[in-house]
Structures are given as C-alpha cells and as structure tokens.
Number of protein chains: 2
Amino acid sequence: MTTLKELAKLLNISVSTVSKALNDSHEISATTKRRVNELAEKLNYKPNRIAQQLKSNTTKTIGVILPTVTNPFFAEVLHGIETNATKNKYDIIVCLSDESLTKEQRSLELLSNGSVDGFIIAVARESQVLEQTAHINTVINNKIPVLMFDRVVNEITCDKVVVDDFQSVFEATEYLIKTEQRKHILLVSNIEELSVGKLRIKGYQKSIEDANLKSNVLKLSKVDDVEKHIYNYLQDNPETDAIVSIDHITGIIAINMAKKTGKNIPKDISVIGFGYEHTQLLSSPKISIVHQKAYEIGEMSVKLLIDNLKSEDHKVKTIVVPSELKLGESTK
Amino acid sequence: MTTLKELAKLLNISVSTVSKALNDSHEISATTKRRVNELAEKLNYKPNRIAQQLKSNTTKTIGVILPTVTNPFFAEVLHGIETNATKNKYDIIVCLSDESLTKEQRSLELLSNGSVDGFIIAVARESQVLEQTAHINTVINNKIPVLMFDRVVNEITCDKVVVDDFQSVFEATEYLIKTEQRKHILLVSNIEELSVGKLRIKGYQKSIEDANLKSNVLKLSKVDDVEKHIYNYLQDNPETDAIVSIDHITGIIAINMAKKTGKNIPKDISVIGFGYEHTQLLSSPKISIVHQKAYEIGEMSVKLLIDNLKSEDHKVKTIVVPSELKLGESTK
DNA sequence: TTGTAAGCGTTATCAA
DNA sequence: TTGATAACGCTTACAA
C-alpha cells in the first residue's frame, strides 16, 4: 500500500505538504496540489484507515451485538443498521451472542479496547432470563455509548429503541374482537420467556379482559412437537375462532394445523401472526401479520447512537417504533 | 482509557518495561511483572487495539460482503463465519451489497485501505448478471486475499467455497424418479438467473434426460403472483406427480398450492425444496429439503481465508460442501 | 533486568 | 507556501 512517505519521496517534498495537499488545505499552492493528486491517483493511494483512527482516537465503527441473525427480525434490523451506518460513513463490526450470556460478555469486553466508538445491542436470551447485565453497565461506565434495542434492560440507563409490543398485540386482539366479533381467541407463542414476549402476552390479556373473554395462552418455547401441540389444542377446543401468534413461526403452523382440523380460514378461524418481509408468502391463505418495522428499528438505532457520539450534550431517549397491522387473507 | 504511559508513570518505570511485563517477557523480573499486572488489573488496562494494528500492520479483521442477510442461507453462512472468526480471534466487518454492483464496489473500495486483512464475499446478483467483476480483481491485485463463496465468478482465481448445486438437485430429482417412480416432475425456481440457479436447473435436467422424461421448468423470479402461477400450472397439468424447488420459498408455496388443487401430499405429489434450519417447520406436511450446509460453508470460508492469511505458500483451492437430502413428510 | 529510541502512517502545530 | 517535528499507543531492537 502506498503511503504519504512514498509520495513525498517521489515528489521531493515533505510528508506534511503531501498530507495537506491531499486534504485540500488552503495553505498549499494549486500546482503542488495538482502534482500530488495526480501521483496519488496514479499509485492508487488511500490514506491508511488505522493510522487515521489512531491519530484521531475515533474509529468510525459501531459494534453490533445480536443474539442471532437467523431470526428474520434481527436479520432485518441488521439490514437497517448496515444501510444507515454506511450512509453515515460508519463501519459495523458484528458479533453474535448466540443467546449466550458468556459470549455477549466476551464480545463487549473484546471490543472495548478502542475497536469501536459505540455499541448497538439486543441482549441475549440468557442474559435477560438470568438478569445478568452488569457487563453492559461496565461499558457505559467506560464512557462508550451504548444503544439497546428490542430486548432492553429497564434497569440500565441508555438510549433505547423498542417496539410497541404491548400495544400492537393489544390492537391485533382488539381487531379480532371488535371488527370480527371473535370470542374464543387463542394466543400461541414460542418466546414467552423474553421481555418482549411477556409484553405481548400482556397486550393480549388486557384486550381479552376488556371484552370479558377468556384468556387462552399456549406456551410453546419448550415444546418439542409444536405442530401436534397446536393441533391437539384445536381438536380439544373446537370453539376456537381466532388465533394470535406473537412470533414469526407459530402463526404459520397454526394456519396449517387449523386447516388440518378441517377449519376454513378465515371463515371459521382468523389468524394474526408476527412477521416480516417474506412471512406472508409462506402460508396459504397469506397470513395477516403484525409487521414489526425491523428495518426502521435498525435505522433509528444508528441515528440515535451517532447523535450520541457526535453531540456533546446528548440526552438519553427511548424511541418506540410502532408496528403496523398488515392484513393478509387469514382474517375476514 | 488507560495507556501504557499512564501505568509507567504511576509505577515510575519505563513504558517498554510495562509493555514487556504485560506480555510476560522473560526479560522482566517477577516482582515488576507482579506490580505491573496488579496495577493494570486495577485500572482495567486494555491494550489499544488500533495502536497494535498500526504497529503490526495487521488488523485481525475480515471484511464480509454479502448480497443480503434476510435470505436465511446468507444469514446462516454469516453465523458460521462469525463463530469461526471469533474462535480464531478475528473480528468481522459486515457490508451488505443489497444485490447491487455499485454498493459492492464501494464496500470493497472503502475497506481496501488497511481496514481488513482479507475478504469473504458472495457476489451481488447484479454483478453476476452484468458480469462485472473487475473490482474484485483489483482487490486481489492489491495483495489482499479474497475468498468467494456460493455465488462465485469462474474467471477469477481465488479460494472458493461452493455448494454442490448440480449434484444435489440431480440426486433429488433422481430420488423422485428412481425411488418414488415419479414421471411428471416440475421444477420451480425464483433464482433462475443466478449462477447457482442455473447449475441446479442443469442438475434437474440431466436427471430428467437420463430417465427420458419431460423437463418442465417454471421460472418465477420475475413473476408477481407466484402462488397463482403455480396454482394455474398445477390445474393445467394435473398429471404432475412431483415438484422440485431450488430455493427456500417456492417449495413451500408449491405444497400449499398443490393442496389447494385437492392433491394429497405426498400421495399424489411429492415435493422437495431447498432449505435451512427452520424451513421444515413452515409447511404441512413438513417439506423434504435439500439442506445446504450454510453454517459449514461459513466455517470453511473462514478457515480457508485464515490459512491464506497466515501461510506463505498458500495455494488456491476450491472446496465443495456437499448438501444433504433431508426427507420430511412431503415425500413418500 | 531496565531504559532509550525508533517506527507504524497519519495529522497538526509551529517555524522557516 | 512549505517543512520540521511531535504526537496518537504500542512493540522491539539495542543500549545501559
């Protein structure tokens, strides 16, 4: 790789002149600027990023720590983060915790050595269940800005970007009750132990209570044969006339199982699930979903973090990104 | 952040002594090592990564350039890359080309300034269709190692990790013909313009030819209503007794549509699709899939690239990661 | 066993 | 308008 020194030697001028010329400093004459730029172009000179980082003590890099990326929600958030980071000339270093507390701790620790200017993180399932989050506070105490999204820790004070978990499921359930006159609404879930899962279930329950209906929650996160479990429930409870799923899998399974019991969707049973870009393609009839704006969550996260990095007097904020009920064909 | 200089001053010794002590150099006495380590521990000293990178002229960072991460194949590959990179003490900087040539060029260009030691890349759809890949050769000519996976460019000489696209579909089709005696096998695809798509289609065609059957290919990448398209085909061709999908979407849609035409799966029609971890959950009956070992592809890619980075006399290799036919319930 | 000094590639200050 | 020099934080000959 070509360096300033090499350019300087070839042109018989000093390194600092070359540097200034390339940075279009007003101190430098037009002619030398031209000479320098021509040679730089010719030799395909690129300022060494690492040297700049050392000098400026900033990396223009964000550490992104995700529980997983095979869950389409986090994949789409990552998409939003990457696009917006790039737009702002930031790189992202991605670490996956695989839902493990230890891996999350290690990643934060490893990157807290000047590798990144700040972090965007959704905490691991394990960290959340065990309520172990001291490592995140350590980072914050070291003056490295942290932004948490989706899976947040209430006890930690930092910027947050969250989904309207309670509200969106509340409204989805209300839709089934008020617009569709459904009376026997089942909730299915494979994320009931996560903070977001709990909030969503509460949204469902509030709506059910308000209408004086009976709450029916099928918790499946530890169940082996989810299909069978749902199928059996529907067999045993043939009065079921609507299903709400709070994740991106069990809604589709519910549709398949309801059809298997001979029910027509949406005539006999309405189904609303959670989902993202392609989810609706994967069921027939196309599933109605609470569409989490995952891309926007990533986008907002980057914006808020960069604002924190740049402004002196940044004040901590929590942004709620509203979801959208996207009706497909599994509702009337 | 604590620096060597600060430690040195507090201990009244020189910076180099501190550095050596922390690196457990045999030059240093046990007592000073202890003193240094204690203070370092106390002040939570971490060697500045950027300074080390500048000094050593290596970043221990891999640039990973993916077309997208919402496609579960690439998500799973990323998972494999991240896990294995971390295991080898490498970080990854992730860029998404969004299937765009320009973005791919920009990312490569931007990271070719010392930010990374090497690249892992799957080329964008656009780059592949337009056959524009000079930017990749530019990087290689700059002596930055590149590894390509899945979507590879034959004309470029570098390490490659690929799937057995031809062979896996050849065998899947053969299974339907020989084991299940199917005679009217439809291929559905939404990736027919990609190199991998073409190979897979060829695998199907070879198998069909060998058995003297008729080839039926439904190309859907530019079709709006995929469901309807498949449904109509099945209505018009009721003799169809098997379907092969070469992507992770259209197989599931095919199952749903076949059921809609009143066919029983797998009695009347067998279906084999492509898929990954969760794919089988999303259809009923559970779809049989060609399971691409995406995680392993990521794993192998990292191994091969790091080998290239470390060894002097690395010779270019292409590794084929075999897929596995994972029978579900959509075949007999 | 410890310390001095040079150097990685930049940028910035100050002097010429 | 240009150049010499120091500095960012670290490692490593080499000198003491």
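In the text below, chain A, chain B and the rest are named by the order of the sequence lines, each starting its count at 1.
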Q: Measure the acute angle between the ring planes of Phe149(B) and Phe73(B), then classify it against the limits of 30° and 60° as parallel, tilted or perpendicular.
A: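 Taking Phe73(B) first and then Phe149(B), their aromatic rings sit tilted (interplane angle of 30° to 60°).
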
**Q.** Distance-only polar pair, side chains of Ser195(B) and Gln128(B), donor-acceptor under 3.5 Å
**A.**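 Side chains of Ser195(B) and Gln128(B): pair found under 3.5 Å.
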
Using distance only, find each side-chain donor-acceptor pair of residues 99-106 of chain B under 3.5 Å and give its atom names and separation, not counting sequence neighbours.
from: Glu99(B); atom 1: OE1; to: Arg125(B); atom 2: N; distance (Å): 2.7
from: Glu99(B); atom 1: OE1; to: Arg151(B); atom 2: NH1; distance (Å): 3.0
from: Glu99(B); atom 1: OE2; to: Arg151(B); atom 2: NH2; distance (Å): 2.9
from: Ser100(B); atom 1: OG; to: Thr102(B); atom 2: N; distance (Å): 3.3
from: Ser100(B); atom 1: OG; to: Lys103(B); atom 2: N; distance (Å): 3.0
from: Lys103(B); atom 1: NZ; to: Asp98(B); atom 2: OD2; distance (Å): 2.7
from: Glu104(B); atom 1: OE1; to: Ala124(B); atom 2: N; distance (Å): 2.6
from: Glu104(B); atom 1: OE2; to: Ser127(B); atom 2: OG; distance (Å): 3.0
from: Glu104(B); atom 1: OE2; to: His135(B); atom 2: NE2; distance (Å): 2.7

Acceptor/donor pairs from residues 301-312 of chain B side chains to any protein atom, 3.5 angstrom cut, sequence neighbours excluded:
from: Ser301(B); atom 1: OG; to: Ile297(B); atom 2: O; distance (Å): 2.6
from: Asp307(B); atom 1: OD2; to: His314(B); atom 2: ND1; distance (Å): 2.8
from: Ser311(B); atom 1: OG; to: Asp307(B); atom 2: O; distance (Å): 3.1

Q: Identify, residue by residue, the members of residues 28-36 of chain B with a heavy atom below 4.0 Å from DNA chain D, and return them in order of residue number, or none.
A: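 DNA chain D contact set from residues 28-36 of chain B: none.
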
Q | Residue pairs involving residues 41-66 of chain B (criterion salt bridge (charged side-chain N to carboxylate O under 4.0 Å, His left out); sequence neighbours excluded) | A |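 Matches after skipping sequence neighbours: Arg49(B)-Asp91(B).
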
Report the distance from atom [atom1] of [X] to atom [atom2] of [N], rounded to the nearest whole Å.
| X | N | atom1 | atom2 | value |
| --- | --- | --- | --- | --- |
| His26(B) | dA13(D) | NE2 | P | 11 Å |
| Asn12(B) | dT1(C) | CG | P | 20 Å |
| Leu22(A) | dT2(D) | CG | C1' | 15 Å |
| Leu11(A) | dT2(D) | CG | P | 12 Å |

Q) In B/S/- notation, 5' to 3', how is nucleotides 9-16 of chain C contacted by protein heavy atoms closer than 4.0 Å? A) BBBBBB--

Q.
Strictly by side chain to side chain donor-acceptor pair (under 3.5 Å), give each pair with a member in residues 18-30 of chain B just once, sequence neighbours left out.
A.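 Sorted pair list: Lys20(B)-Glu27(B), Asp24(B)-Lys33(B), Ser29(B)-Thr31(B), Ser29(B)-Thr32(B).
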
Q: Provide the closest heavy-atom pair for Thr83(B) versus His79(B) in the form atom of the first, atom of the second, distance.
A: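 It is OG1-O, 2.8 Å.
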
Q: Classify the nucleic acid contact of Ile50(B) as base, sugar-phosphate or nothing, counting any heavy atom under 4.0 Å across all strands shown.
A: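 The answer is nothing, as Ile50(B) stays clear of every strand by at least 4.0 Å.
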
Q) Between Ser14(A) and dG3(D), does any side-chain N or O lie under 4.0 Å from OP1 or OP2? A) yes

(Q) Against Thr17(A), only a single residue in Ile28(A), Leu11(A), Leu7(A) fulfils side chain to side chain contact (heavy atoms under 4.5 Å, CB included); can you say which? (A) Ile28(A)

